[in-house]
Q: 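Dropping a structure here in C-alpha cells format, bear with me for questions.
FYI, side chains are in, hydrogens and waters are out, and symmetry mates aren't considered; it's all heavy atoms of this structure. Residue numbers begin at 1 in each chain, while the letters A, B, ... track the order of the sequences. A quick note: this is a predicted structure, and the numbers were derived from the prediction, not measured.
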There are 2 protein chains.
Amino acid sequence: MTNALNVDRTADVPVPPGPAKADRVSRRQVDKFAQRRDQLAAAALQTLAELGYARTSLREIAQNTDFSHGVLHYYFADKVDLIIHCVKHYKAICVQRYDEILAASDTADALAEGFAAGLARTAGEDATLHRLWYDMRSQSMFEPAFRADVLEIDDSLQRMIWRVVTGYAELSGRALTVAPATAYAMFDGLFQHALLRHLSGAPDALDTLRAESLTLLPRLTRD
Amino acid sequence: MTNALNVDRTADVPVPPGPAKADRVSRRQVDKFAQRRDQLAAAALQTLAELGYARTSLREIAQNTDFSHGVLHYYFADKVDLIIHCVKHYKAICVQRYDEILAASDTADALAEGFAAGLARTAGEDATLHRLWYDMRSQSMFEPAFRADVLEIDDSLQRMIWRVVTGYAELSGRALTVAPATAYAMFDGLFQHALLRHLSGAPDALDTLRAESLTLLPRLTRD
DNA sequence: AAAGAATCTGGACAGGTGTCAAGAATTCCT
DNA sequence: AGGAATTCTTGACACCTGTCCAGATTCTTT
C-alpha cells in the first residue's frame, strides 16, 4: 500500500493479458475484459456506498461478488486503480440520472419545479451513492491520486447545473448574474446539507432542499 | 475496532484513574488529566489534518508527540473517543477564528468585505484543518458515532453565518429572504468548492471565493 | 525518606490489509 | 478432441491496526 500510490497510472487498462491476434478475436476479448471490469466496479461501488472509503477492503468488495478476492488484482492494477474506475462508473450513473431530470420543460416555472423535485428525489433515492461522492471528494483533498478524476466529475456536474441555470434564464427572459462555478457551488452546498440531514433522520430534509432550490434559481438572475 | 463503536460514550472522561480524595487535590489532578488530554488531542488534530481520517493511526498520532502510543489509551477510551475529542477541539479553534472575522464593522459594505476576505484568508491559512472538517462531515454520513458532534459543530457554524447575514441585513436596511440553514449551506458550498481548488493548486481559488461571497450577501436580501 | 498513587513505556496479541504467485478450472480455437 | 490461452481460486507474505497489560518511571503525599 505504501508505494502503490506511485504506480504509473497513465494507462487505463493494465494490459488485457494476452490477445494480440486476429482483430475480431482481440476485440471480443478486450470487450469481455472491460465488461467484467465494469461488473466488478459496480460491485465495488455498492460496497463503497455502504461502508465508505475508509472502511472498504478488497475482500469485502469481493464478497459482494460471485468471485474471490484474488480476481480483483487480475482486473485492476491495485486498489487505487479499482476505486478510480469505480468513481468514473459513478459519474456515468450520476450524469445519466441528472439528464433525466433535465426532461424538457417549456416554462421557467416548470423547469424550476422539475429540477428542484429531481434534486430532492435523487438525494433520497441515491443517498448512499451521493455520500460516497462527498467522501471521495474529501479524500481527493488528501490523496492527489484521486484529484484529477474528482475534478473531472465535478466539472461535469457543474456543466449540468449550468445547463439548467441557463435554460431557466432563457425561459424566464432574465439575465444571469453568476459564473458557472458559483452556481454549482451553491446548489452543491444545499444538496450536501440536505443529504447529511436526511441521512441523520431529519424527515423534512428533502422537502427543504426542494424549496431552497426553488428559491435559488431566481436569485441567480435579474430582469 | 469492531465493537469499539458500541462503547458507552455518555461519560466524557473515561474515569480519571484514581483521585477521589481531598477536593483541592482531586480538582488539580482532574485539571492535569484534562490538560494532557487536550494536548494529545491537539497533536492528533495536526496528524488528522495532514493525513485525513482514513490514513491516520494511533501510532502515527503518537509520533507527533513526546509520548509512546500506549499513552493514548490511558487518556482516551478508544480511537473514536479520541477523534471526537479532536473534532470538538477543532470547533473551538474554528469558531474562535470566525469570531475574529466578525470584528465590528459599521457599514454593510465593510462587513461584507471583511467577511469575504476573512473566509478567503482562513481557507488559505487553515486549509488542512478545513479539509479535515469536510472529511469528518463525510465520515459522519457513514459512521453514526460521529454524527451528533458533527451536527453540533455544523449548527455552531450556521449560527456564526447567521450572525453575519443578519448583521449585514440590519446595516444595509434590507430584509432577509432565506432561512439560516439555507444561507449557511450556500456559503459552505462556496467555501468547500474554493478549498478543493486551492488545494489542487488553482491560484485564483481564494480570490474567487472572496468575490463570490461578496455577491452572495446581497442576494440573500431584498429592499 | 518512604510509600503509594499517577503516569508512561514497550512489547505482545489477534485480526485485518494489499499484494502476489502457483496452480486449478474454464473457455476458446483449430 | 486436444492444446493453448484465459480466467479464477487459494493460500501465503509482510505489514499495519486497535487494544491491552505488566512493569518501569515519575510525581505526590505523609
Q: Contact class for S68(B) vs. all strands (heavy atom < 4.0 Å): base, sugar-phosphate, or nothing?
A: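 Touches a base.
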Q: Of the listed nucleotides (dT19(D), dT7(D), dT19(C)), which one gets closest to any side-chain atom of L58(A)?
A: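 Of dT19(D), dT7(D), dT19(C), dT19(C) is nearest to the side chain of L58(A).
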Q: Starting at atom CD1 of I61(A), determine the distance to atom P of dG18(C), rounded to an integer number of angstrom.
A: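 Interatomic distance, CD1 of I61(A) to P of dG18(C): 8 Å.
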Q: Using modelled atom types only, decide if a donor and an acceptor are shared between the side chain of R210(B) and the backbone of A120(B) within a distance under 3.5 Å.
A: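 Checking the backbone N and O of A120(B) against the side chain of R210(B), no donor-acceptor pair under 3.5 Å is found.
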Q: Is the base of dT9(C) touched by the side chain of R59(B) through a donor-acceptor pair closer than 3.5 angstrom?
A: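 Answer no: no donor N or O sits under 3.5 Å from an acceptor.
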Q: Measure CZ/F33(A) against P/dC28(C) and give the value in whole Å, please.
A: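 It is 15 Å, rounded to the nearest whole Å.
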Q: Could you tell me how far apart Q63(A) (CD) and dG16(C) (P) are, to the nearest whole angstrom?
A: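 Distance, rounded to whole Å: 11 Å.
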Q: Testing the basics here: between V71(A) and F67(A), what is the closest heavy-atom pair and its distance to 0.1 Å?
A: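 Smallest interatomic distance, heavy atoms only, reads CG1-CB, 3.6 Å.
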Q: Could you check how far CZ of F76(B) sits from P of dT7(C), rounded to whole Å?
A: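 It works out to 13 Å between those atoms.
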Q: Which of the following nucleotides, dC20(D), dT9(D), dT7(C), is nearest to the side chain of H69(B)?
A: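 Of all the options, the side chain of H69(B) is nearest to dC20(D).
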Q: Rounded to whole Å, how long is the line connecting atom CD of E60(B) with atom P of dC16(D)?
A: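 Spelled out: CD on E60(B) to P on dC16(D) is 10 Å.
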Q: Just wondering, more than 12 heavy atoms not from R55(A) lying within 6.0 Å of its CZ?
A: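 Yes, because the 6.0 Å sphere around CZ of R55(A) holds more than 12 heavy atoms from other groups.
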Q: Indicate yes or no: at least one non-hydrogen side-chain atom of Y74(A) is less than 4.5 angstrom from one of R37(A).
A: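 Side-chain contact under 4.5 Å: no.
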Q: Once you round it to whole Å, what is the distance between P of dT7(C) and CD of Q35(B)?
A: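 The distance from CD of Q35(B) to P of dT7(C) comes to 12 Å, rounded to the nearest Å.
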Q: Starting from P on dC28(C), measure out to CG on D31(A) and report it in whole angstrom.
A: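 For the pair D31(A) CG and dC28(C) P, the rounded distance is 13 Å.
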Q: Y74(A) has an atom OH; how far is it from atom C1' of dT19(C), in whole Å?
A: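 From Y74(A) OH to dT19(C) C1': 17 Å.
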Q: Determine the minimum heavy-atom distance between L196(A) and S200(A), stating which atoms define it.
A: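 Smallest interatomic distance, heavy atoms only, reads O-OG, 2.8 Å.
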Q: When you check the phosphate oxygens OP1 and OP2 of dT28(D), does a side-chain N or O of K32(B) lie under 4.0 Å from one of them?
A: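 Yes.
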Q: Can you check whether S57(A) has a side-chain N or O nearer than 4.0 Å to OP1 or OP2 of dG16(C)?
A: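 S57(A) to dG16(C) OP1/OP2: no side-chain N or O under 4.0 Å.
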Q: Given dC20(D), is OP1 or OP2 found less than 4.0 Å from the side-chain N or O atoms of H73(B)?
A: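 Answer is no, no contact under 4.0 Å.
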